[in-house]
2 protein chains.
Amino acid sequence: MKKIPFPVIQRLSYVFEIINKLEENGIGKISSSELGGYLGQTAHTIRKDIHFLGIAGTPGTKYEIADLRRLLIDHLGFGEPKRCCIVGLGRLGEALLEQLLAIPQDAFAVVAGFDSNINRLETIRTSIELFPAYRIEKTVRKLQIELALIAVLPQQAQEAADRCCDGGVRGILNFTPAVIKPKRKGVFVRAVDVSGELRILAALAYTSTANE
Amino acid sequence: MKKIPFPVIQRLSYVFEIINKLEENGIGKISSSELGGYLGQTAHTIRKDIHFLGIAGTPGTKYEIADLRRLLIDHLGFGEPKRCCIVGLGRLGEALLEQLLAIPQDAFAVVAGFDSNINRLETIRTSIELFPAYRIEKTVRKLQIELALIAVLPQQAQEAADRCCDGGVRGILNFTPAVIKPKRKGVFVRAVDVSGELRILAALAYTSTANE
DNA sequence: GCAATATTGTTATTATTTTCACATTTTGAT
DNA sequence: ATCAAAATGTGAAAATAATAACAATATTGC
Ligand SMILES: NC(=O)c1ccc[n+]([C@@H]2O[C@H](COP(=O)([O-])OP(=O)(O)OC[C@H]3O[C@@H](n4cnc5c(N)ncnc54)[C@H](O)[C@@H]3O)[C@@H](O)[C@H]2O)c1
Ligand SMILES: NC(=O)c1ccc[n+]([C@@H]2O[C@H](COP(=O)([O-])OP(=O)(O)OC[C@H]3O[C@@H](n4cnc5c(N)ncnc54)[C@H](O)[C@@H]3O)[C@@H](O)[C@H]2O)c1
């Protein structure tokens, strides 16, 4: 099977979100141009992206959403819920916990939370199990957790990520400004950094006007 | 001046963050390979990126951080603090507010918050001015706000963004899962979507193993 | 001083990604 | 039935970005 390029994966992930919502609203078909509209992309791009999944529609007709969904599940692994954990249950960590538990998510299941501060573990009221930080590795392995959200202070980010890697996670979502490197091969890291995003926006706006 | 490609802007924004921290710690020089290490990139890439700024260093020597900083300020507009506002002061909005006010930021200044719920405006204790949502346009114009962080419910995201555009913002950082389209040309939009990021991570992990 | 080493500047090459073009197929109206 | 319109499938072209290669320059140790 040919490797799917990263930008394509990124867009197809959004496509999956969109068709799920449409399906809930009883919509059964969608065209490449409509999808393009939602994503801010052209119909060309969408068709080419879908092409990476193998044949999904028939010419002349729109895409059958059910078919599209099935293909995305098969090729991108969106079938069964991914088990996640949150490391660092401060303000951000707790907000993330609430957010992910509140929204009815068929795609992700938060099954554990970790913090080095025992007081935090006793303070937070939630339906999932909470553990001290030194038990990250064992717990991740035991519960077969695949994804970790890192929301500790930047200084501890790498160490927290290393423990998750040791436990066997497959992906890390880093909310701290620190740069995290995966300890093992095959672990993917992505960052969510507010200051960084703002800086990029500022630079985009600036360079676009500076060139006029 | 030649247009700087987006990936380059993205990386140079991180470079700016890194050299600021190093400068605080009294470090005066840095090499392309060291920078590459921080960013998870090769020295080649870093040198090529810096090359877009015009000449920054001299062969044989490392980069003078002060020079690099000056060039980044000139070319990417990181000189004076950018004025920001937060639209939607729920759990996430309040957390963002605290986060951006807490960290001593020379790059960004949060100068206003907006919410449609008057009760929220009276509940939150903060040092910046808070306004009802219907005053977004006027306030953004008056305070010359350049960047907006959108943290309302997804259904209201486009409307909130439109008002910010009307007021004249240059960039929008969208924290909701809704897709936002800029109302005016020249307004840049970026999204921070936890579910989306998780899905991308999951897909990356899945496709990497499915191909083995 | 000079050679060895380390480091940047710049061009060239390669790979990736986007965009385009058009053939093919279905639907629906006349 | 037939034609026009609309939609996807797919390969080619163009644009963009990453990687590599190497020349040029400074520093350091001897
Ligand atoms: N990307 C975003 O959207 C965003 C927004 C706000 C904050 N942040 C970042 O998120 C991080 C957390 O912010 P916060 O406001 O929640 O901070 P916080 O101080 O409220 O929370 C940090 C928590 O991490 C715990 N912790 C420390 N070391 C640990 C370890 N080794 N293992 C497990 N837990 C550990 C602490 O006990 C604490 O509860 C910071 O790095 C901050 O910069 C990111
Ligand atoms: N990207 C992330 O990291 C992340 C994390 C958590 C939540 N979220 C998203 O952020 C959004 C807010 O989440 P939350 O938990 O803070 O929700 P919330 O309900 O606590 O807050 C929403 C706030 O927006 C206000 N509001 C509604 N309509 C408005 C309008 N037109 N103008 C101004 N204000 C308006 C409401 O009064 C409320 O105070 C949601 O879309 C959620 O999905 C994103």
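Computed from a predicted model, the values in this text were never measured in an experiment. Order of the sequence lines fixes the chain letters, A, B, ..., with proteins taken first and strands second; residue numbering starts at 1 for each chain.
At C:dT11, none of the side-chain N or O atoms of B:Arg47 fall inside 4.0 Å of OP1 or OP2 (strictly under the cut-off). Taking 4.0 angstrom as the limit, A:Tyr63 places a side-chain polar atom (N or O) nearer than this to OP1 or OP2 of D:dG9. Contact check, A:Arg11 against C:dT17: no side-chain N or O comes under 4.0 Å of OP1 or OP2. Considering only side-chain N and O atoms, A:Ser33 lies nowhere under 4.0 angstrom from the phosphate OP1 or OP2 of D:dA7. Within the 4.0 Å cut-off from OP1 or OP2 of D:dA18, not a single side-chain nitrogen or oxygen of B:Thr42 is found.
Around the CZ atom of B:Arg70, the shell of radius 6.0 Å holds no more than 12 heavy atoms that belong to other residues, nucleotides or ligands.
Mapping A:His44 and A:Gly60 onto DNA chain D by nearest heavy atom places A:Gly60 closer to the 5' end of the strand. Both B:Gly54 and A:Gln41 lie near DNA chain C, and the one whose nearest nucleotide falls closer to the 5' end is B:Gly54. The 5' end of DNA chain C is approached more closely, in terms of each residue's nearest nucleotide, by A:Pro7 than by the other of A:Pro7 and A:Thr58.
With rounding to whole Å, B:Phe52 atom CZ is found 14 Å from C:dG9 atom P. The distance between atom CG of A:Leu12 and atom P of C:dT17, rounded to the nearest whole Å, is 13 Å. In this structure, A:Phe6 atom CZ and C:dT17 atom C1' are separated by 13 Å, rounded to whole Å. If you measure from atom CD1 of A:Ile9 to atom P of C:dT18, you get 12 Å, rounded to the nearest angstrom. Atom CD1 in B:Ile50 sits roughly 12 Å away from atom C1' in C:dT7 (whole-Å rounding). Look at CD on A:Glu64: it is 19 Å from P on C:dT25, rounded to the nearest Å. Taking atom NE2 of residue B:His51 and atom P of nucleotide D:dA23, one finds them 17 Å apart after rounding to whole Å. Atom NZ of B:Lys62 is separated from atom P of C:dG9 by 15 Å (rounded to the nearest Å).
Of the listed nucleotides (D:dT19, C:dC20, C:dT8), C:dC20 has the atom at the smallest distance from the side chain of A:Lys48. When each of D:dT19, C:dT26, C:dC20 is scored by its nearest atom to the side-chain atoms of A:Thr61, the top-ranked nucleotide is C:dT26.
A:Arg190 has a carboxylate O that lies under 4.0 Å from a charged side-chain N of B:Glu197, or vice versa, which qualifies the two as a salt bridge. Salt-bridge check for A:Asp49 with A:Arg11: passed, with a basic side-chain N closer than 4.0 Å to an acidic carboxylate O.
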Can B:Phe131 and B:Asp115 be said to form a side-chain contact (heavy atoms from CB on, under 4.5 Å), step by step? CA-CA 7 Å; B:Phe131 305 88; B:Asp115 202 298; over 6 Å; no
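Counted by atom type alone, B:Ser13 and B:Gln10 present zero donor-acceptor pairs between their side chains at under 3.5 Å.
The residue B:Ile55 sits close only to the backbone: its heavy atoms come under 4.0 Å of sugar-phosphate atoms, none of a base. Across all strands, B:Ala56 comes closer than 4.0 Å only to sugar-phosphate atoms, never to a base (heavy-atom distances).
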